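Here the structure comes first, spelled out in structure tokens, and everything after it is commentary.
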There are 2 protein chains.
Amino acid sequence: MTMPAPPPPVTSVTRQLSRRSVFEALLHRSPISRADLAKVTGLSKQTMSEVVDAFGQQGLVRQVGRTSGNVGRTAVLYELSPEGGHVLGIDLGARRLTVALADIAGRVLAEADEPTDSRGGAWALDQIARLSDRLARDNHTHPSRIRSIVLATPGVVNPKSGAIEMAPNITGLGHLNVVGLLGEKLGSPVVIENDINLALLGEIWHGCAQNVANVAFLALGSGIGLGLFTNGQLVRGENGAAGEIGYLPIGGDPLQAASRLQGCLEYQVGATGVLRRYREAGGSEVESVMQVFERAQVGDPIAAQVIEETARLIGLAAAAVIAMVDPQLIVLGGSVGARPDFADQVARVLLQLSPRPVEIRTSTLGRRAGVVGALSVALSRLHDAFFGVAELAAALPLPPPAHRSARQ
Amino acid sequence: MTMPAPPPPVTSVTRQLSRRSVFEALLHRSPISRADLAKVTGLSKQTMSEVVDAFGQQGLVRQVGRTSGNVGRTAVLYELSPEGGHVLGIDLGARRLTVALADIAGRVLAEADEPTDSRGGAWALDQIARLSDRLARDNHTHPSRIRSIVLATPGVVNPKSGAIEMAPNITGLGHLNVVGLLGEKLGSPVVIENDINLALLGEIWHGCAQNVANVAFLALGSGIGLGLFTNGQLVRGENGAAGEIGYLPIGGDPLQAASRLQGCLEYQVGATGVLRRYREAGGSEVESVMQVFERAQVGDPIAAQVIEETARLIGLAAAAVIAMVDPQLIVLGGSVGARPDFADQVARVLLQLSPRPVEIRTSTLGRRAGVVGALSVALSRLHDAFFGVAELAAALPLPPPAHRSARQ
DNA sequence: TATTTATTCGGTCTATTGACGAATTAATTT
DNA sequence: AAATTAATTCGTCAATAGACCGAATAAATA
């Protein structure tokens with residue numbers, strides 16, 4: 001068994017670029033010969049051989065056979081080796097914990113889930129460690145091979161510190177240094193990101209929002225939240241609180257106490273809000289929003305009315321998103337939002353509202369979206385660690401504002 | 001007089017990087033010796049000399065004296081030469097046309113403005129060409145030295161084609177190929193961008209939003225508009241229509257005919273909306289929003305009430321922006337928005353609304369913001385043309401979603 | 001035999017290193 | 001005070017290493 005690949009030794013910028021484009025080509029045209037790699041990347045065959053040899057020694061690529069049938073000498077085919085590294089995606093929800101394992105090529109090797117330990121906090125972290133460990137061992141991967149871990153969690157994640165600042169649904173998570181603790185338990189760097197943001201990235205990677213540069217993900221479940229992707233980038237906001245659209249001043253008096261505390265929109269369309277509205281409208285006793293939908297389907301007019309109103313408010317929120325960031329697509333997700341019937345209602349509302357309506361789709365990954373998005377981020381972090389060209393990414397900064405102007 | 005620098009001959013990626021960092025150092029530490037450049041950039045003295053010599057031959061840098069007083073041999077000091085290239089920023093407003101000229105180092109050389117030719121369309125373009133030409137010649141710069149031009153205009157600018165798709169305030173501009181016509185008249189590449197977006201960039205470059213990665217610019221004048229800057233990038237949206245917050249479903253019934261057409265929020269807080277509300281509330285005859293403000297200042301209670309309501313709605317819009325993109329700062333601009341008294345009112349409203357209020361500032365550049373922003377974009381486009389590392393900027397894409405998963 | 005793959009061998013470009021001369025200030029001697 | 005020497009810094013030269021490409025060559029196969 002090869003050792004885990006050592007941190008790539010310092011190579012010059014240009015070699016790093018070559019390595020990077022070769023890796024990319026390997027990623028996309030999996031079994032491929034060196035000659036073809038040279039054609040695809042535009043590098044010379046010699047450079048190609050050097051890079052592939054280096055990758056081979058690092059354990060990043062492996063041979064997978066030879067070409068045959070073509071005129072001429074046969075070529076050795078290469079692909080990315082699973083030995084190159086593994087990544088872990090974790091979705092820590094209030095109810096359910098999901099963990100997924102993938103190799104460096106993005107092949108999902110395994111996925112597992114359990115009910116979240118209701119004691120929360122440190123217990124949940126232990127549970128994550130246990131489940132991750134099991135997943136790795138069951139797939140013939142030593143946990144030490146895992147190089148990058150991303151955790152999806154509800155709440156606001158500070159983009160600078162990586163700390164969880166508001167985790168309303170999981171008790172005692174806000175007070176823990178999750179990055180540190182989990183990183184220690186699992187033995188590799190952990191990054192935390194908001195679950196809705198990751199669900200959005202999941203849909204972009206493997207779901208219904210592929211190849212779209214401007215998408216919004218509107219999640220409606222027990223609460224409401226938004227993920228924004230513009231210019232091919234996730235919008236986190238200064239404090240990681242972008243997308244907290246529960247606080248949109250829509251659907252009620254924003255100065256009301258309940259609105260200020262819980263958020264004006266969330267007060268209406270959050271699960272408790274929907275139930276409250278149903279109750280206040282004279283509906284019979286129910287325990288979950290799902291039940292309200294069931295009632296509506298069997299002809300309860302009050303339930304239908306409550307749902308219609310919910311769709312109207314979500315339509316307004318979608319219109320606000322459209323007015324503000326002009327997405328190409330809005331994905332509806334979450335336990336309520338992902339219902340096709342509900343999405344239809346929202347789309348109808350939007351049609352009446354917006355001068356140029358935007359396509360609406362329902363999440364195709366459903367509750368897997370978060371964990372898939374976590375994998376995608378873990379993966380791209382791993383790739384960046386290997387092949388990132390950090391200093392190049394920076395845009396050419398403009399001259400300093402302190403400059404004296406000729407006339408002002 | 002040296003010839004305008006030729007398009008930089010194809011150099012290798014690594015040399016291009018060196019050139020780039022040397023240029024950057026020159027930009028920021030204006031008069032600097034080669035030895036210091038070497039220290040700052042980390043390049044060797046030898047490479048330094050090669051690059052500086054090349055720059056000198058291109059006319060990009062020039063000598064500006066020698067050091068003295070220090071121990072050791074004196075050093076020749078260099079700075080960016082104005083011969084290196086000039087850029088033009090143009091703000092084509094409905095009322096006023098402003099043009100500014102800067103050199104490659106970002107030094108603003110001159111600025112001029114005139115009332116916009118009211119016949120609009122082709123006449124306005126002619127006017128731009130005339131004014132630009134005069135500005136260049138008055139500053140001993142042949143128009144052919146201008147290498148990059150950015151035009152600020154109201155309306156939606158398609159980010160892909162660069163065409164103006166909705167220019168409500170300037171007649172006949174939407175039907176013209178402005179990029180082509182103006183580029184031909186002025187002899188260098190023209191880029192068009194929405195005026196509010198450019199005002200935002202202006203405030204970020206030289207105004208009140210320096211060194212902030214997440215800002216929103218809320219412009220309130222005859223209409224209302226928003227500029228968004230997140231992760232250090234401008235948010236344009238899929239069709240360039242990001243920030244069209246006149247259509248936010250705030251301040252009225254969004255299903256009303258007037259709301260659908262003009263935008264729900266704009267119907268209330270746009271200039272005509274403010275005047276209508278003042279009239280409907282029984283106010284005496286006025287012609288402009290400014291007059292309403294004047295009335296309020298001399299004690300007209302109806303005017304004060306109308307303005308208070310306007311501030312309330314802008315506060316709601318700001319709250320929506322905060323909920324959605326979590327900026328660090330909101331800049332108020334436009335003829336109405338830039339009034340400090342009005343901004344104070346908005347800030348007060350926001351304090352009551354938002355769980356974590358965001359700092360609010362008024363534009364410091366005022367009506368110059370657009371043209372300054374245009375300059376900043378023209379400048380960074382010029383820099384990119386010289387020193388951009390286009391192919392490197394692309395992020396490492398994730399593996400294709402078509403990959404088969406082990407379990408799904 | 002024609003074709004394709006892979007390797008080897010120069011040649012070019014870029015950047016670094018160390019040595020060196022040139023220019024200037026500081027210190028010391030006459 | 002003037003002259004000489006030392007120290008320091010700037011910029012160039014020459015040699016070298018890393019990386020890339022193109023051409024030539026060997027190998028393998030329809």
Side-chain angles (χ1 to χ4, degrees), chain A residues 8-23 25-26 29 31-58 61 63-79 387 389 391-392, chain B residues 8-26 29 31-58 61-79 387 389 391-392:
Chain A
V10 279
T11 26
S12 78
V13 176
T14 136
R15 174 64 82 167
Q16 189 72 350
L17 285 169
S18 299
R19 289 168 57 91
R20 184 185 152 129
S21 64
V22 172
F23 179 81
L26 279 164
R29 337 216 161 190
I32 186 172
S33 72
R34 271 185 272 184
D36 283 347
L37 276 175
K39 277 177 206 150
V40 167
T41 59
L43 296 168
S44 72
K45 285 185 286 186
Q46 303 75 306
T47 310
M48 203 62 251
S49 287
E50 288 173 28
V51 171
V52 170
D53 283 355
F55 278 0
Q57 286 192 356
Q58 270 196 303
V61 304
Q63 303 187 4
V64 277
R66 312 183 71 91
T67 55
S68 69
N70 296 327
V71 177
R73 179 173 167 179
T74 60
V76 180
L77 295 174
Y78 294 88
E79 71 172 7
F387 307 104
V389 265
E391 73 266 35
L392 308 183
Chain B
V10 278
T11 26
S12 79
V13 177
T14 138
R15 175 63 82 167
Q16 188 73 350
L17 285 170
S18 299
R19 290 169 56 91
R20 184 185 154 130
S21 63
V22 172
F23 179 81
E24 202 174 308
L26 279 165
R29 338 216 161 191
I32 186 173
S33 71
R34 272 185 270 186
D36 282 348
L37 277 173
K39 276 176 206 150
V40 166
T41 59
L43 296 167
S44 70
K45 287 186 289 181
Q46 176 62 28
T47 313
M48 203 63 250
S49 286
E50 289 173 27
V51 171
V52 170
D53 283 354
F55 279 180
Q57 286 192 357
Q58 271 194 304
V61 303
R62 64 178 179 193
Q63 303 186 3
V64 276
R66 312 182 71 90
T67 56
S68 70
N70 297 327
V71 176
R73 178 175 167 179
T74 60
V76 180
L77 294 175
Y78 295 88
E79 72 173 7
F387 308 104
V389 266
E391 73 267 33
L392 308 183

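Since the model is a prediction, treat every value here as computed from it, not as a measurement. Worth knowing before you read on, the calculation uses all heavy atoms, side chains too, and leaves out hydrogens, waters and symmetry mates. We name chains A, B, ... by the order of the sequence lines, and we start the count at 1 in each one.
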Point to revise | Student check: side-chain heavy atoms of A/L37 and A/R29 closer than 4.5 Å | key: no

Check your understanding: Which residue lies toward the 5' end of DNA chain D, A/K45 or A/G42, if each is placed at its nearest nucleotide?
Key -> A/G42

Check your understanding: OP1 or OP2 of C/dC13 sitting under 4.0 Å from any side-chain N/O of B/T14?
Key -> no

Review point. Tell me, do A/V51 and A/R15 make a side-chain contact under 4.5 Å, heavy atoms counted?
Key: yes

Review point. So, is B/S44 near the phosphate of C/dA15, with a side-chain N or O under 4.0 Å from OP1 or OP2?
Key: no

Point to revise | A/R66 vs A/S18, nearer the 5' end of DNA chain D by closest nucleotide | key: A/S18

Review point. Looking for any heavy atom pair under 4.0 Å, which part of the strands does A/S49 touch: base, sugar-phosphate only, or nothing?
Key: sugar-phosphate

Practice item. Measure the shortest side-chain to side-chain distance between B/E50 and B/V22 over non-hydrogen atoms and say whether it is less than 4.5 angstrom. Key: no

Exercise for review: Could you tell me whether the phosphate oxygens of C/dT16, OP1 or OP2, come under 4.0 Å of any side-chain nitrogen or oxygen in B/T47?
Suggested key: yes

Check your understanding: Taking OP1 and OP2 of C/dT7, is either one under 4.0 Å from a side-chain nitrogen or oxygen of A/R34?
Key -> yes

Check your understanding: So, is B/R73 near the phosphate of D/dT8, with a side-chain N or O under 4.0 Å from OP1 or OP2?
Key -> no

Check your understanding: Does B/Q46 get its side chain close enough to the base of D/dC13, under 3.5 Å, for a donor-acceptor pair?
Key -> yes

Review point. In whole angstroms, how far is the P atom of C/dT17 from the CD atom of B/E50?
Key: 14 Å

Check your understanding: Judged by atom type as modelled, is there a donor-acceptor pair below 3.5 Å linking the side chain of A/T67 to the main-chain atoms of A/A75?
Key -> yes

